[in-house]
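Remember, it's a predicted structure, so these values are computed and weren't measured experimentally.
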Amino acid sequence: MTMTDEFDQLGNLAPAPRASDAARTRALAAAMQAFDETEKNTARSKGSSWWRRQSSVLNRIWSARMFTQHRYLAGSALATMLIIPTAALLTFELTRGNLPNSGQVTLPQVLDAPKPAAERVPVPPVAKPPEPRQPEAGRGNDAAQTAQPSRQRDFVESDIARLLNKEASGGAAKRSVAPAPMAPPPVLAERAVPLAAAPRYAPTEREILPPLEESRDRFANADTNPVKNVATDPVSTFSVDVDTASYAFVRRSLLEGHLPDPDSVRVEEMINYFPYDWPRPQTADEPFRTTVTVTPTPWNSGTRLMHVAIKGFETTSAAQPAANLVFLIDVSGSMNAPDKLPLLKSAFRLLVGKLKPEDKVSIVTYAGNAGTVLEPTSARERDKILAAIDNLRPGGSTAGAEGIDAAYRLARQAFIQGGVNRVMLATDGDFNVGVSSDEELKRIIEQRRKDGIFLSVLGFGKGNLNDSLMQTLAQNGNGTAVYIDTLAEAQKALVDEAGSTLFPIAKDVKIQVEFNPQQIGEYRLVGYETRALKREDFNNDRVDAGDIGSGHAVTAIYEVTPKGSASALNDPLRYGPAAPSAPVAVSDEMAFVKIRYKQPDGDTSKLITTPVTEMNAVRDFSAAPQDVRFAAAVAAFGQKLRGTDALDAYPYRLILDMARNARGEDAFGYRGGFLDLVRLAETLDRR
């Protein structure tokens, strides 16, 4: 008996038989036979099976919809998910005996069959489905075979269109083509609701701009210097700082499209990044010269800026002593990045090209265990040194403490009496194997410093940069800390400024400024938060401080409030003692600047003093020396990036104008690059 005969007998029964186990069994068998005959009919010479055509229809509809939403991939899998529950529902209805009393049973008739009242769900009326398509002439047996499933195909297309082509706003169908009113099958209803109601896909800002990878860079957290009252705290003491790492790190952050971490901004390092043509000493007997200039404050009409500038004596190349350099290079696995070990190797190649034949070079690497790559070698053997650098490969963890011990051992082995003996540590981050506490490393560095071996630090890369540790090691090793983000920065630090980087002219340099309470009511030191010293440390030669290299320029800026200015932030003390009268000879002094320093091989400090009077002042900021105005622009920019309250209302536009008007000759393009950073910061801050 064929499927049609079986269905005819069931349809001609009147009235319809009551549901029974036997009826359910017969109906299920008929449905399975219908499926087998339709799907497995091998007599067809053209086209695909009915079920495959429904999958293709679903693919076309689903692909068009999902392509506009960019969220899912269309494929036969989804069609299968929708077709299989429909076939299962057909079997379920057959076994329940809910078939309409007609000769030929079709899929829409089964789905449209009336349900018991308890199971019916009200559905708004929709348009009547289209009539079955007629067989096309000339198709022969193939047309006859495909005529019967045409209504099923129309149903699938119209129903899926109704489910998928609803507008997100109200859920209304674009076309009124659907089967007769019915409650959607439970499985289809669960899938149809989210598909029909889901809003059109709109990418969020998080998807347009992927979130930045969380950084593990670490910076010393120091509060911005406060405004101090001269009546109660008239003396300011700090160590000089010739490092430039902060400026290079800020530059990299801005060029990568985000504002820098405020803790990474050390304003004094940004100011001192640039070369200034301050008046310089005439002979080596005077290691540096002090110049003080007082100007109106561009961002506060009620205060003044006091620039304290130091210019070191610049030795000629012929007069520079021989150098014994040990390259202590981090080759741990984290250094395997283009801006780390490859850039490091290029940087050291530049430095080797700057050395004189009598200089010596050693190379120590650390990664898991320290290893000596190159014993002390004369700079005459340049090819040998460069080959050792080129053969460096990353891998392993970071046993930095062992590397430091090995580096100092080689430095002592090749020690040059009366020369420069320096370890140059190049790393991207932590010493995470062995001794790792900052205090323990500080103790090791201090001990070696007493032996006449200094330490400088070169930072590379990002994501694991321990800037705080770099600063600690460089400060306690009588050296400098620089951050190398580009080969151009390596050229600047290791070639153009090699004299100031490698050859010190003074060590333990401290500055102390005493303000006259009759002239100045308040003051604030711009930057140097991590370099602050106690008042009594100034005269204590056992307290370490910063060094100045050959030709180095150091600038410190105070914002001072004249006595009686409306911009004063502190009220006068009600019960405080009256300020003592100053001697007539010094009553016109605003401040008194004192500088202590030691010779590179000395242990006893010397003192240089400079009084500050109105003779040091200019009435109009635009009349101030060009370098003074540019340094003020950099100070304003650094404070704004750091979030200093005094600069909140001062726009980037005015900082840019100040720097542009003071740009000057700019032989190396450093100041032009600064102008670009101010423009970038303005855009990023606004965003």
Side-chain angles (χ1 to χ4, degrees), residues 238-248 266-284 286-295 305-317 320 456 474-475 478-483 489 491-511 513 525-528 531 545-558 593 595-597 600 608 610 616 624-635 637-638 659 662-671 673-674:
F238 62 95
S239 164
V240 299
D241 185 4
V242 294
D243 296 342
T244 60
S246 178
Y247 182 86
R266 291 185 291 274
V267 183
E268 75 278 6
E269 294 188 18
M270 297 188 67
I271 297 171
N272 291 325
Y273 179 84
F274 299 92
Y276 300 102
D277 192 21
W278 308 127
R280 62 190 66 203
Q282 300 301 314
T283 66
E286 183 186 10
F288 44 79
R289 183 175 174 182
T290 306
T291 302
V292 181
T293 307
V294 180
T295 72
L305 295 182
M306 188 176 83
H307 291 247
V308 180
I310 298 174
K311 183 69 172 181
F313 179 78
E314 187 167 5
T315 60
T316 64
S317 178
Q320 291 172 352
S456 293
Q475 290 175 21
N478 281 10
T480 58
V482 298
Y483 177 74
E489 184 63 23
Q491 173 76 22
K492 176 181 184 292
L494 301 179
V495 178
D496 299 337
E497 300 175 359
S500 56
T501 302
L502 300 178
F503 304 103
I505 59 172
K507 67 179 183 181
D508 294 342
V509 182
K510 310 169 190 175
I511 298 179
V513 179
L525 176 60
V526 177
Y528 292 95
R531 298 287 185 146
D547 302 340
I548 293 180
S550 173
H552 249 147
V554 180
T555 301
I557 300 177
Y558 285 93
V593 179
I595 300 176
R596 281 201 175 273
Y597 71 95
I608 298 175
T610 305
N616 301 95
Q626 182 176 271
D627 284 349
V628 169
R629 289 183 282 124
F630 189 83
V634 180
F637 183 56
R663 178 176 179 176
E665 190 173 307
D666 194 22
F668 296 101
Y670 301 145
R671 297 188 179 188
F674 174 78

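- A 4.5 Å side-chain heavy-atom check between Phe288 and Val554 finds every atom pair outside the cut-off.
- No salt bridge links Glu268 with Arg531; every basic N to acidic carboxylate O contact stays at or beyond 4.0 Å.
- Between the Ser239 side chain and the Gly546 main chain, a donor and an acceptor come within less than 3.5 Å of each other.
- Looking at Pro625 and Thr293, their side chains come closer than 4.5 Å, going by heavy atoms from C-beta outward.
- Formation of a donor-acceptor pair under 3.5 Å by the Asn272 side chain with backbone atoms of Asp243 is not found in this model.
- One distance of note links CZ of Arg289 with CD1 of Ile595; it measures 12.5 Å at 0.5 Å rounding.
- Here the side chain of Tyr276 pairs a donor or acceptor atom with the backbone of Ile271 at under 3.5 angstrom.
- Looking at Met270 and Tyr247, their side chains come closer than 4.5 Å, going by heavy atoms from C-beta outward.
- The minimum heavy-atom distance between Trp278 and Thr555, with the atom names listed, is NE1-OG1, 3.2 Å.
- Between the side chain of Glu269 and the main chain of Ser246, a donor-acceptor pair closer than 3.5 Å is present.
- In this structure, Asp547 contributes its side chain and Asp508 its backbone to a donor-acceptor pair below 3.5 Å.
- Side-chain atoms of Ser550 do not come within 3.5 Å of backbone N or O of Phe503 as any donor-acceptor pair.
- Here Asp277 contributes atom CG and Glu665 contributes atom CD; the two are 10.0 Å apart, rounded to the nearest 0.5 Å.
- Remark: Thr291 engages no residue in a side-chain hydrogen bond (donor to acceptor under 3.5 Å, both in side chains) (not counting sequence neighbours).
- Figure legend: Lys492 and Phe668 shown without cation-pi pairing, the cationic atom not lying both under 6.0 angstrom from the six-membered ring centre and within 45 degrees of its axis.
- For Asn616, there are no side-chain hydrogen bond (donor to acceptor under 3.5 Å, both in side chains) partners, not counting sequence neighbours.
- The shortest side-chain heavy-atom distance between Val513 and Met306 falls under the 4.5 Å cut-off.
- Here the side chains of Ile310 and Ile511 are in contact, with some heavy-atom distance below 4.5 Å.
- No donor-acceptor pair closer than 3.5 Å links the side chain of Arg280 to the backbone N or O of Gly551.
- Rounded to the nearest 0.5 angstrom, Ile548 CD1 and Phe313 CZ are separated by 14.0 Å.
- The shortest side-chain heavy-atom distance between His307 and Ile557 falls under the 4.5 Å cut-off.
- The CD1 atom of Ile505 sits 11.0 Å away from atom CD of Gln320, with the distance rounded to the nearest 0.5 Å.
- Annotation: Tyr273 is not in aromatic contact with Phe674 [ring centroid separation under 6.0 Å not met].
- Of the possible polar contacts, none joining the Arg266 side chain to the Ala245 backbone as a donor-acceptor pair under 3.5 Å is found.
- Looking at every heavy atom in both residues, Ala632 comes nearest to Leu305 through CB-CD1, 4.1 Å.
- Asp627 has no carboxylate O lying under 4.0 Å from a charged side-chain N of Lys311, or vice versa, which leaves the two without a salt bridge.
- Residues Ala659 and Phe630 come closest through the heavy atom pair O-CD1, 3.8 Å.
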